[in-house]
Every structure is written in structure tokens, then in C-alpha cells.
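As the structure lists them, so they are numbered: ligands from 1, and atoms in each ligand from 1.
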Amino acid sequence: MLELRPNCELCDVDLPPGSPDARICSYECTFCARCVETVLHDVCPNCGGGFVPRPIRPERAWREGTGLAHDPPGTKRRHTPYSADELAAFSARVRAER
Ligand SMILES: [Zn+2]
Ligand SMILES: [Zn+2]
């Protein structure tokens with residue numbers, strides 16, 4: 001099951017489960033749309049992959065055993081260990097070879 005992480009790893013803005021601004025890579029690394037567009041340029045700093053909008057998990061259980069009450073969002077906030085310079089260099093390197 002997809003882990004709905006609570007924040008952008010870079011700017012730390014809250015990204016609640018219903019947020020249309022959450023972006024994820026294939027490893028569930030989670031950033032906000034603004035950081036993906038203006039800083040990361042669609043390169044995940046952890047894996048080099050691209051991003052897609054995170055799907056919204058329904059609040060109510062349309063089917064038994066589903067929905068946010070049954071499968072709540074994650075609570076562990078993550079923060080990228082990379083500096084701005086490192087992020088820019090990595091993104092440029094990956095984009096050059098994509
Ligand atoms: Zn952000
Ligand atoms: Zn990633």
C-alpha cells in the first residue's frame with residue numbers, strides 16, 4: 001500500500017492525504033508540486049526518477065477495509081539530507097543523461 005507521507009521532503013510544507021499538490025516518485029519519495037517544478041525539475045534526489053501526482057485516498061470506506069480511517073496516512077516526516085547545491089547538481093546530471 002502506498003505510504004501517504006505527511007510533508008514535502010524539501011520545504012517541509014504539509015501534504016495531507018487530500019492535497020492536490022503532493023508529488024511522488026516510484027519509491028514514494030514525496031515532495032510538493034512547487035519544489036518538483038522549481039527546484040528538482042522532475043528529478044527525485046533520492047532515486048533519479050520522475051514524479052507523478054499522488055492519488056487521493058478516499059476518506060470514506062466505499063468498500064469495506066478501505067479509506068483513510070482503515071489505512072491512515074503516515075506520520076513520519078522526512079527531510080532531504082542534500083544541500084541546495086547538491087540537489088541542483090544531481091538534477092542537472094540526471095536530466096542530461098535521460
Ligand atoms: Zn516543497
Ligand atoms: Zn525517489
Mind checking whether Ile24 and Leu87 sit in one hydrophobic cluster, side chains of I, L, V, M, F, W, Y counted as touching below 4.5 Å?
no
Hphob cluster co-occupancy, Leu40 + Phe90, side-chain heavy atoms under 4.5 angstrom:
no
Please state the angle at the Zn ion (ligand 2) spanned by SG of Cys29 and SG of Cys47: what is it, rounded to 10 degrees?
150°
How about Asp21 and Val13: do any of their side-chain heavy atoms sit closer than 4.5 Å?
no
Heavy-atom check, side chain of Thr30 versus side chain of Arg78, under 4.5 Å
no
Check whether Arg57 reaches the backbone of Pro17 with its side chain - one donor and one acceptor, N or O, closer than 3.5 Å.
no
Sphere of radius 2.8 Å around the Zn ion (ligand 1) - protein N, O or S atoms inside
Cys8 SG, Cys11 SG, Cys32 SG, Cys35 SG
By ring pair (Phe, Tyr, Trp, His ring centres under 6.0 Å) - contacts of Phe51 (at least two apart)
Phe31
